[in-house]
Amino acid sequence: MRIDVVSIFPEYLAALDLSLIGKARREKLLDLNVHDLRDYTHDRHRTVDDTPYGGGAGMVMKPEPWGAALARIATESPVSNALGDKPILIVPSPAGAVFDQEMAYELAGAQHLAFACGRYEGIDERVLEFASEAFDVRPVSIGDYVLNGGEVAVLAMVEAIGRLIPGVIGNPESLVEESHSDGLLEYPVYTKPGTWEGREVPEVLLSGNHGKIARFRRNKQLERTATRRPDLIVQLDASTLNRHDRDTLWHNGFAIVEGRIVPKDELG
Ligand code: JDE
């Protein structure tokens, strides 16, 4: 896979030389290129921003450097072809569609991704229109909060996508296990020593009884998800829950009514 990132702080992306993603680059599984937007300016001060039309606070990123940088990346794309296939341009933005594991899987299947890191109040909207001639443009949010720029969002997305590229993860079994995570949060994990700071590892995990261990872990997943992410519980398919699952959910505030999972406090 080829990935291009455009930023006014290219040093921010230095973290992508490290760990799993750094190894994938060295092994040529990932061709990652970071570009300095200021290299596409022509004035003495390498200006990338200007005041907003219509007034308002802050500054807006000028279109010309973005147009030049993105045109260059599109030209070099291994994807753009006569069939109308386009590379994907991801624009981190609090106003984007929310990035999740499903989107990570989709993007991991692409040949060429580009990321445009905005700063200040954002990028002149005409850049996204212009870019859509050569790219499939996707404004994407990593959550409902505001960052100073897109760089940190790109670090998160490249890590989530990069680890799904075949060969990047040493132990592909962990990916298989992950994909079977059935819409619940993970169960808690423990390792040696068996007693630490007066705290014991749950006895069942030492029992060797695999049926009991599976039930214990499943209960922990259901309890955690009910407490921390009740929004995920109501999205579960009730027909996939056994008698034990239903009992655990009941004791954690959820009922099943006519095949639908509902918080008990919403019952009449
Ligand atoms: C991403 N959750 C939050 C991007 C932006 C066009 C392009 C970019 C301060 O205002 C911003 C911040 C950012 C950086 O991304 C995030 C983010 N997921 O904050 C833009 C706006 N228009 C503007």
Side-chain angles (χ1 to χ4, degrees), residues 1-37 39 66 69-70 72-81 85-94 96-119 123 128 131 134-145 147-183 185-186 189:
M1 177 187 290
R2 174 167 169 146
I3 297 182
D4 290 273
V5 183
V6 184
S7 165
I8 59 168
F9 293 119
E11 321 84 73
Y12 230 119
L13 286 307
L16 297 176
D17 292 337
L18 306 175
S19 190
L20 215 67
I21 300 299
K23 184 153 177 273
R25 292 172 76 180
R26 292 190 294 277
E27 291 176 359
K28 311 288 179 201
L29 295 168
L30 181 61
D31 174 17
L32 178 72
N33 309 275
V34 180
H35 309 263
D36 186 344
L37 182 68
D39 291 346
W66 278 112
L70 296 175
R72 166 92 187 273
I73 291 166
T75 303
E76 292 177 0
S77 180
V79 185
S80 41
N81 59 35
D85 286 359
K86 292 172 180 177
I88 298 173
L89 178 65
I90 298 158
V91 186
S93 167
V98 176
F99 182 81
D100 61 7
Q101 193 65 22
E102 184 182 330
M103 198 187 291
Y105 280 115
E106 184 208 340
L107 297 173
Q111 263 190 79
H112 187 191
L113 302 177
F115 291 86
C117 300
R119 283 263 152 186
I123 305 172
L128 282 72
F135 294 90
D136 173 8
V137 177
R138 313 267 285 262
V140 172
S141 165
I142 61 161
D144 290 339
Y145 41 82
L147 304 169
N148 282 330
E151 287 79 4
V152 164
V154 169
L155 290 177
M157 288 188 273
V158 170
E159 181 152 324
I161 295 162
R163 63 192 290 284
L164 300 178
I165 300 171
V168 170
I169 280 218
N171 177 10
E173 277 179 29
S174 40
L175 287 184
V176 173
E177 202 161 292
E178 238 172 56
S179 71
H180 287 293
S181 67
D182 46 30
L185 303 184
E186 293 304 312
V189 296

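Atom set for the values below is all heavy atoms of this structure, side chains included, hydrogens, waters and symmetry mates excluded.
We find the NZ-OG distance between K86 and S77 to be 11.5 Å, quoted to the nearest 0.5 Å. The line from CZ of F99 to CD1 of I161 is 4.5 Å long, rounded to the nearest 0.5 Å. Rounded to the nearest 0.5 angstrom, L16 CG and I3 CD1 are separated by 8.0 Å. We find the CG-CE distance between L107 and M157 to be 8.5 Å, quoted to the nearest 0.5 Å. Atom CG in D4 sits 4.5 Å away from atom CG in N33 (nearest 0.5 Å). Put simply, CG on L70 and CD1 on I123 are 8.0 Å apart, with the number rounded to the nearest 0.5 Å.
Shown here for D36 and I8, the closest heavy-atom pair between the two residues is OD1-CA, 4.1 Å. In this structure, C117 and V154 approach most closely via the heavy-atom pair SG-CG2, 3.6 Å. The two residues Y12 and L155 have their closest heavy-atom pair at O-CD1, 3.9 Å. Listed here is the closest heavy atom pair of E151 and S7: OE2-OG, 2.7 Å. Of all heavy-atom pairs between L30 and I165, the closest is CD1-CD1, 4.1 Å. Between P166 and L29, the closest heavy-atom pair is O-CD2, 4.1 Å.
Around atom CD of E102, no more than 12 heavy atoms belonging to other residues, nucleotides or ligands sit under 6.0 Å away. Summarising the local packing, CG of N81 is surrounded by more than 12 heavy atoms from other residues, nucleotides or ligands at distances under 6.0 Å. Residue-environment remark: CD (E11) exceeds the threshold of 12 foreign heavy atoms within 6.0 Å.
A 4.5 Å side-chain heavy-atom check between L164 and M1 finds every atom pair outside the cut-off. A 4.5 Å side-chain heavy-atom check between I142 and P92 finds every atom pair outside the cut-off.
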* Stepwise, does the side chain to side chain contact (heavy atoms under 4.5 Å, CB included) test hold for K23 with L20? -> CA-CA 5 Å; K23 184 153 177 273; L20 215 67; 5.8 Å; no
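Judged as a side-chain contact (heavy atoms from CB on, under 4.5 Å), and not counting sequence neighbours, the contacts of P78 are R2, Q111, H112. A134 is linked by a side-chain contact (heavy atoms from CB on, under 4.5 Å) to A74, counting only residues two or more places apart in sequence or in another chain.
Formation of a donor-acceptor pair under 3.5 Å by the R25 side chain with backbone atoms of L32 is found in this model. Not one N or O on the side chain of S19 forms a donor-acceptor pair closer than 3.5 Å with the backbone of I21. Not one N or O on the side chain of D39 forms a donor-acceptor pair closer than 3.5 Å with the backbone of L37.
Listed by first and then second residue, the salt bridge (Lys or Arg N to Asp or Glu O under 4.0 Å) pairs involving residues 154-165 are R163-E178 (not counting sequence neighbours).
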